[in-house]
Amino acid sequence: MRKLKFRKDNFHQAKLEAIRRLFMTNSYNPQEIEAKWQQKWEETGLYRQKIDWDKPKHYALTMLPYPSGDLHIGHWYAMTPSDARARFMRMKGYNVLFPMGFDAFGLPAENAAIKRGIHPKKWTYANIERMRKQLRSMGAMFDWEREAISSDPSYYKWTQWFFCKLLEHGLAYRKKAAVDFCPQCNTTLAREQVWGEDRHCERCGTPVIKKDLEQWFFKTTAYAEELLDFSKIDWPERVRIMQTNWIGKSVGADVVFHTEDGDPIEIFTTRPDTLWGATFMVLAPEHPLVEKITTPEYKEQVTAYVEQARRMSDIDRESAEREKTGVFTGAYAINPVNKERIPIWVADYVLMTYGSGAIMAVPAHDERDFAFAQKYGLPIVEVIRMPGRTDEDGPLTEAYTSKTEGHLINSGPFTGTPVAGAAERVTAWLEENGLGKKAVNYRLRDWLISRQRYWGAPIPVVYCPEHGAVPVPEEELPVVLPEDVEFMPTGESPLKFHEAFIHTTCPICERPSLRETDTMDTFVCSSWYQYRYLSPHYDEGPFDPEEGKYWLPVDQYTGGIEHATMHLIYTRFFTKAMRDMGLVDFDEPMLALYNQGMVLGPDGEKMSKSRGNVIAPDDLVQQYGADTVRAYLMFFARWDQGGPWNYDGIKGPQRLLQDVWEIARYDYVPGEVSKEANRALRRKTHQTIRKVTEDFESFAFNTAVAAIMELRNSVLEAMRMANVDTAVWEEAVNNMLLLLAPIAPHITEELWAQRGQPYSIHQQAWPTWDPEVAKEDTITLVVQVNGKVRDKIEVAAGQDDETLKSIALASEKVQKWLDGEPRKVIVVKGKLVNIVK
RNA sequence: GGGGCGGUGGCGAAACGGUAGACGCAGCGGACUUAAAAUCCGCCGGAGGAAUACUCCGUGUGGGUUCGAAUCCCACCCGCCCUACCA
């Protein structure tokens with residue numbers, strides 16, 4: 001196709017100007033129409049989402065916000081594309097559930113109470129009120145009648161109920177352990193909430209300390225193996241990798257060593273094939289056997305070392321760079337495979353929290369053991385021979401750790417066998433000889449859920465002098481958080497001092513007992529919120545099973561990557577536990593997941609109040625209207641990547657909506673109609689439907705908006721030239737509105753109404769394209785010589801390879817570059833010919 | 001140390017192994033206006049050239065595979081994120 005060169009048409013130019021002047025009084029006023037339609041949608045219950053077994057369902061979920069007080073642009077960035085996708089699915093014919101709520105327990109509320117004397121409840125609910133309004137201004141299709149707030153007693157009753165159920169099923173337990181404690185927040189933390197090299201608190205950044213406390217745990221490790229299976233969900237590889245690494249599965253063997261006095265010491269190793277090279281053992285300072293086996297002459301220094309390790313912060317202790325330290329206990333163990341007598345040491349590089357808290361040390365084939373052996377002059381015995389190495393090469397200068405290259409030496413029956421597969425063979429041999437057994441260890445720890453704070457769901461447990469920890473019976477739930485409390489400047493939980501709360505009776509024997517004063521980690525609340533949304537007022541269970549049958553599980557989840565190893569593991573754990581309790585009949589809470597990126601400040605840095613680079617959505621909505629803000633957020637970058645905010649960039653989408661406003665209201669009168677122009681506009685319309693549909697499917701919102709802009713450009717061209725039939729014009733304009741409806745719901749609704757179309761545009765069927773109409777009549781045949789473009793020829797579409805080849809060879813421009821017969825000619829169907837000289 | 005993601009015009013970005021830079025922003029020239037804003041028309045990767053003829057160079061760097069590479073492979077540099085004595 002020759003590109004249509006349009007001449008400027010003065011008549012229509014003048015007409016356009018006249019029309020534009022007319023619109024001055026009737027111009028696009030987002031504030032007015034947005035408020036109007038938000039109200040109408042609410043009045044007509046347009047977004048009420050009800051079970052309809054005749055329609056396929058789609059449960060779209062976006063991560064619920066914490067009610068911090070103001071809706072951040074990041075919330076808009078997470079929610080508006082999710083909303084657009086949900087609207088798209090609805091127009092595609094799905095019955096879509098798209099709920100919203102608040103993760104309303106948590107520390108900031110309590111800190112505000114301490115700092116400014118406002119009660120956490122008052123602070124939280126005032127914030128929720130404010131944020132609800134802001135959320136409404138987005139024009140999202142949230143069904144507000146399904147709103148759930150985790151700090152409502154009607155919600156946390158069921159959080160507590162889940163606690164009791166987990167306890168009943170052996171998935172919750174209490175134990176004394178050295179746990180991470182944030183001195184600033186005055187509470188213990190889950191392992192996942194301790195971040196970074198300096199091991200700081202996720203919330204406030206203060207380095208954590210270790211404390212020995214009785215705490216409640218959820219047994220996430222019970223599902224460690226199943227959590228590694230992602231075969232039933234379509235989640236980003238990145239999240240799967242992060243979870244896999246976090247769970248950290250290692251396969252090896254448990255081997256029992258014995259001290260000379262016969263005390264057994266169990267160790268876990270991933271390298272049973274190096275057993276013959278174990279030249280000493282190391283116990284963690286906290287290991288229970290340390291005290292027993294230490295000989296009198298070493299008692300003093302061992303005790304001192306253990307004391308010192310206990311006092312040392314995790315930062316120092318767990319830093320890999322630090323030089324390893326340790327002390328000899330005076331005791332010896334017998335290596336079970338070769339009966340060698342090997343010394344037992346205590347060193348803090350061995351952690352009590354992993355494996356059994358004791359290791360066999362094989363300095364020749366483990367970097368840490370090598371460094372330790374060198375420092376303390378312990379023997380290094382090589383048992384895996386590196387290919388090409390001989391005895392003449394002298395002692396090893398570093399640990400040789402390959403599991404694939406080399407063969408075993410000095411290893412009894414295994415001497416001479418290749419290292420590849422040796423671990424498995426040795427494990428089998430250990431089992432046959434009763435020396436050890438195959439074992440699997442996970443890095444994943446059980447989830448510590450106790451928090452020494454007030455603003456959370458109370459752990460529903462009573463401590464009876466007779467019966468110990470007794471769960472509160474279901475009919476007495478919820479254990480209500482008392483409101484008449486006084487906040488300590490230290491951050492200490494006021495529950496501890498609330499006499500009426502603490503003192504109760506044992507549910508079993510009615511003896512005076514004390515209530516648990518710890519509350520649950522807020523991640524417990526958010527582990528099951530997707531179920532509460534189904535029926536937030538239901539009071540016979542956490543959710544109405546009738547609703548569950550229809551809506552569950554979540555089909556599409558969207559949210560930030562930062563929850564990969566926290567919320568997203570916890571909620572999977574919850575669902576698996578719920579399945580095993582018979583509450584649901586599926587294995588995974590969310591079938592598909594998509595992670596959006598982050599909007600950065602205009603300076604390219606993470607937005608923060610202290611940097612002063614925060615973009616306030618309220619101001620933007622005030623200035624441009626919600627539709628423009630939505631369109632810009634979807635347009636400016638790939639959704640999964642995000643990027644810096646750009647003040648000028650928003651003008652593009654603003655002009656788009658402005659143009660759409662004028663186009664849709666334009667009283668089109670055809671002038672001199674050309675068949676070619678008709679065909680071209682229809683083609684563009686149908687191509688755009690195809691492009692936008694595909695882009696919505698794959699979350700490529702930026703190119704979807706770009707495609708609509710292109711259609712806008714074509715429609716403006718037709719407006720100027722007045723060279724298409726009215727029917728073609730109408731088709732283009734109506735489809736443009738339909739395609740834009742999920743992105744800019746207000747303006748499209750308004751224009752749809754103004755054009756006399758039935759309410760609501762959001763209930764219309766998503767447009768379909770006709771491949772025949774969308775097809776190109778001509779193609780640009782690219783002709784290359786040796787891979788370099790030498791000509792571009794417009795030819796009719798659908799010609800066979802031979803024809804394209806002869807057209808290409810006939811080109812004068814191409815002939816210039818040829819001398820004689822080409823060696824080879826490659827034809828790419830309907831696209832390109834490459835001539836190889 | 002390990003793992004992941006990314007590096008394309010002045011900027012945000014497009015591009016099933018097949019015309020690099022769609023779409024948008026900014027900029028420049030022009031129209032309209034007393035003027036500005038808005039709007040409209042045109043140009044817009046770099047070099048050479050009077051040129052909308054044409055040629056060469058261009059997707060972080062260096063190699064490789066291929067008729068053909070931003071795209072696939074190897075090595076390296078830079079940026080961001082996660083993880084880190086896990087036996």
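Order of the sequence lines sets the chain letters (A, B, ...), proteins ahead of strands, with each chain counted from 1.
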* To do: Output all residues satisfying side-chain hydrogen bond (donor to acceptor under 3.5 Å, both in side chains) with A/T404, sequence neighbours left out; order by chain, then residue number.
  =>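 Per chain and number, A/T404 pairs via side-chain hydrogen bond (donor to acceptor under 3.5 Å, both in side chains) with A/S402.
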
Can you name the side-chain hydrogen bond (donor to acceptor under 3.5 Å, both in side chains) partners of A/D446, sequence neighbours left out?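 A/Y173, A/T221.
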
With a 4.0 Å cutoff (strictly under), does any side-chain N or O of [X] reach OP1 or OP2 of [N]?
| X | N | answer |
| --- | --- | --- |
| A/R238 | B/rU83 | no |
| A/R240 | B/rG4 | no |
| A/R443 | B/rA87 | no |
| A/K651 | B/rC23 | no |
| A/R655 | B/rA38 | no |

Checklist entry - Relative to each other, are the rings of A/W639 and A/Y594 parallel, tilted or perpendicular (30° and 60° limits)? => result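 If you compare the ring of A/W639 with that of A/Y594, the planes turn out parallel.
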
**Message:** Check the orientation of A/Y647 and A/W645. Use parallel for under 30°, tilted for 30 to 60°, and perpendicular for over 60°.
**Reply:**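 Ring orientation, 0 to 90° scale: perpendicular.
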
[X]: which residues meet the salt bridge (charged side-chain N to carboxylate O under 4.0 Å, His left out) condition with it, sequence neighbours left out?
| X | answer |
| --- | --- |
| A/K691 | A/D695 |
| A/R443 | none |
| A/K775 | A/E772 |
| A/R790 | none |

- Do A/E776 and A/Q687 pass the side-chain hydrogen bond (donor to acceptor under 3.5 Å, both in side chains) test, and can you show the C-alpha distance, the side-chain angles, and the key distance before you say yes or no? CA-CA 9 Å; A/E776 293 285 358; A/Q687 286 177 343; 3.0 Å; yes

In this structure, how many angstroms lie between the [atom2] atom of [N] and the [atom1] atom of [X], rounded?
| X | N | atom1 | atom2 | result |
| --- | --- | --- | --- | --- |
| A/E776 | B/rU19 | CD | P | 15 Å |
| A/H287 | B/rA87 | NE2 | C1' | 13 Å |
| A/L275 | B/rA87 | CG | P | 15 Å |
| A/Q654 | B/rA26 | CD | C1' | 15 Å |
| A/N595 | B/rG4 | CG | C1' | 13 Å |
| A/Q596 | B/rC81 | CD | C1' | 15 Å |
| A/K606 | B/rG79 | NZ | P | 19 Å |
| A/I241 | B/rU83 | CD1 | C1' | 13 Å |

Base, sugar-phosphate, or nothing for A/T565, non-hydrogen atoms under 4.0 angstrom?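 Since no nucleic acid heavy atom lies under 4.0 Å of A/T565, the category is nothing.
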
Tell me the stems RNA chain B sits in, counting at least three consecutive Watson-Crick or G-U wobble pairs, each under 3.5 Å on both distances.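 Stems found: B:1-7 with B:77-83, B:10-12 with B:23-25, B:27-31 with B:39-43, B:45-48 with B:54-57, B:60-64 with B:72-76.
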
Check your understanding: With rounding to whole Å, what would you report as the distance between B/rA26 and B/rA38 at their P atoms?
Key ->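 Straight-line distance between the two P atoms is 8 Å.
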
Open item on the list: In whole Å, measure the gap between the C1' atoms of B/rU34 and B/rG46 for me.
Closed with: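 It comes out at 42 Å once rounded to the nearest Å.
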
Distances for protein N or O near nucleotides 8-12 of chain B N or O, under 3.5 Å:
residue	atom	partner	partner atom	Å
B/rG12	O2'	A/F636	O	2.4

*Using side-chain contact (heavy atoms from CB on, under 4.5 Å) as the criterion, point out the one residue from A/M242, A/Q243, A/E237 that pairs with A/V239.*
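The side-chain contact (heavy atoms from CB on, under 4.5 Å) with A/V239 is passed solely by A/Q243 among A/M242, A/Q243, A/E237.
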
What is the glycosidic conformation of B/rG9: syn, defined as within 90° of 0, or anti?
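Glycosidic conformation of B/rG9: syn.
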
query: Is B/rA53 in the syn range, within 90° of 0, or in the anti range?
result: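 Base orientation relative to the sugar is syn.
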
_Centroid separation A/F701 to A/F696 less than 6.0 Å_ =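 Between A/F701 and A/F696, the centre distance is under 6.0 Å.
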
Please collect all side-chain hydrogen bond (donor to acceptor under 3.5 Å, both in side chains) contacts where either partner lies in residues 271-284 of chain A, sequence neighbours excluded, each pair once.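 Sorted result for residues 271-284 of chain A: A/R271-A/D273.
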
Is it the case that the base of B/rC86 and the side chain of A/R445 share a donor-acceptor contact (distance under 3.5 Å, atom types as modelled)?
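It does, because a donor-acceptor pair links the side chain of A/R445 to the base of B/rC86 below 3.5 Å.
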
For nucleotides 45-48 of chain B, tabulate all protein N/O to nucleotide N/O atom pairs closer than 3.5 Å, reporting atom names and distance.
none

Please write out the pairs of protein N or O atoms and N or O atoms of nucleotides 15-17 of chain B separated by less than 3.5 Å, giving the distance to one decimal.
residue	atom	partner	partner atom	Å
B/rC16	N4	A/K831	NZ	3.1

Between the protein and nucleotides 64-68 of chain B, which nitrogen or oxygen pairs are less than 3.5 angstrom apart?
residue	atom	partner	partner atom	Å
B/rC67	O2'	A/N834	ND2	3.4
B/rC67	O2	A/N834	ND2	2.5

(request) For A/D369 and A/Y349, test the side chains for any donor-to-acceptor distance below 3.5 angstrom and give the result as yes or no. (result)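 Their side chains do contain a donor-acceptor pair, which is all the 3.5 Å distance test asks for.
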
